[in-house]
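Convention: sequence-line order gives letters A, B, ...; per-chain numbering from 1. Values reported hereafter were calculated over all heavy atoms of this structure, with side chains retained and with hydrogens, waters and symmetry mates removed.
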Amino acid sequence: MKVLLGIGGSDGSFEALADTVTRAEEAGDAVTVAIVDREDITLTPEEIETEIRERLAETSMEPDIRHLSGHPGSRLVELAEQEQFDRLVVAGGERSPLGKINFDETLEFVLLNAETTVTLVR
Amino acid sequence: MTREYPDEPAGEFPSPPDTVTDGEGREIRYRSGGDDDPEALVEMYLDFEAEDRAQGIPPVREEPIRDWLDVLLSDDCLNVVACHDGAPVGHATLVPDEGESYELAIFVVRPYQGAGIGTELLEHLLGYAQEEGVEQVWLTVERWNDPAIAVYKKVGFEMTSTESFELEMAIRLE
């Protein structure tokens, strides 16, 4: 299966990377990682790429890493469709101080607009 | 994360302890603090209807309910419990965020919904918060939850963000 993983640099998105890689190693998925530019994240896209490469160094995976600039949700949906990915994986659903799960704008956009099957890693 | 708050503070709210007759003629007691009988609250949440949950809370199973209540009943949070015949039937809570604001949530068990208890709980929690010097309170609510949105508006909350799945509302207390 061709999997596109969107990463914005949140803790949740790195957990999604770990989950996706574990699954891919078992199932033989081909993983492409797309780094999106999130205004609310202090890490630069280059720092995110370094972090991804460090985390993947211990695995057998060598995924294709892309950088997407502009509106994160629409760029992810666009790439997933253009290159005919089977699945788009995104992290989201951060918890508020009270424990409520909140979906941000990127996640909402992806869920509503993707023609590709979406996996949400919470 | 920066949030917006209304410019004008809300008026004064009633504070607990207090007893108010609900729309069904039941005497409901409102008291602050939830820690004098946490087990009773655990019981209340174990009986909570699945469809009345919102955004993942209250949790479903007992252990996660206990972990979640441990956070809510800690010293830096504010709680008001509504009791009927000595047993909790509703609970409202304020949890501090990373700034100086508080996030609000409110729960009323099914047989006691629609009798004005939610509004009273909310007002008594905000009255308690005023006594404690809390200035800014915010909440998120699912778009389709019209009864909850109506109660929040009636009490004085204003819509501050409509950009994500959940609506965000806020009130200034002083």
Side-chain angles (χ1 to χ4, degrees), chain A residues 6-16 19 36-44 47-48 68-78 80 88-122, chain B residues 1-3 34 45 53-61 63-74 76-79 91-107 125 134 136-143 145 148 160-170:
Chain A
I7 289 205
S10 66
D11 292 348
S13 70
F14 290 117
E15 283 165 28
D19 282 4
V36 295
D37 202 0
R38 289 286 303 258
E39 287 172 2
D40 55 340
I41 298 288
T42 47
L43 291 176
T44 66
E47 287 169 333
I48 295 172
L68 301 181
S69 59
H71 186 250
S74 58
R75 295 302 318 281
L76 278 174
V77 167
E78 210 173 63
L88 173 53
V89 182
V90 282
E94 307 283 334
R95 286 192 183 264
S96 72
L98 228 158
K100 281 190 173 182
I101 290 165
N102 293 294
F103 285 0
D104 61 35
E105 193 270 340
T106 299
L107 180 54
E108 173 165 7
F109 189 95
V110 167
L111 290 174
L112 293 177
N113 294 289
E115 300 282 340
T116 314
T117 302
V118 177
T119 295
L120 166 62
V121 180
R122 248 175 46 194
Chain B
M1 186 162 162
T2 50
R3 288 197 173 79
Y45 283 115
R53 300 173 71 223
Q55 296 161 261
I57 56 170
V60 179
R61 290 174 303 111
E63 278 311 306
I65 288 174
R66 287 183 185 279
D67 291 345
W68 177 67
L69 281 175
D70 277 347
V71 175
L72 270 45
L73 301 182
S74 64
D76 49 355
C77 302
L78 301 179
N79 293 275
H91 174 208
T93 187
L94 285 172
V95 176
D97 61 21
E98 65 282 359
E100 288 176 1
S101 311
Y102 285 73
E103 183 184 8
L104 179 143
I106 179 166
F107 306 90
L125 180 65
V134 173
Q136 296 170 339
V137 173
W138 59 276
L139 60 88
T140 59
V141 58
E142 288 159 334
R143 291 172 184 278
N145 195 346
T160 48
S161 170
T162 56
E163 284 166 17
S164 16
F165 253 56
E166 304 82 16
L167 301 173
E168 189 179 291
M169 302 178 81

Count the heavy atoms belonging to other residues, nucleotides or ligands that lie under 6.0 Å from CG of D11(A), then report whether that count exceeds 12.
no
Roughly how far apart are L104(B) CG and S96(A) OG, rounded to 0.5 Å?
11.0 Å
Quick check on P96(B) against chain A: is it the side chain, the backbone, both or neither that has a heavy atom closer than 4.5 Å?
backbone
Which residue in the set V71(B), D97(B), L72(B) passes side-chain contact (heavy atoms from CB on, under 4.5 Å) when paired with L98(A)?
L72(B)
Looking only at heavy atoms, which two atoms of I101(A) and E166(B) are closest? And how far apart?
O-OE2, 3.7 Å
Neighbours of chain B found in residues 109-122 of chain A - heavy atoms under 4.5 Å:
L111(A)
Which residues satisfy the ring pair (Phe, Tyr, Trp, His ring centres under 6.0 Å) test with W68(B), sequence neighbours excluded?
Y45(B), F107(B)
Could you check whether any side-chain heavy atom of E103(B) comes within less than 4.5 Å of a side-chain heavy atom of K100(A), counting everything from C-beta outward?
yes
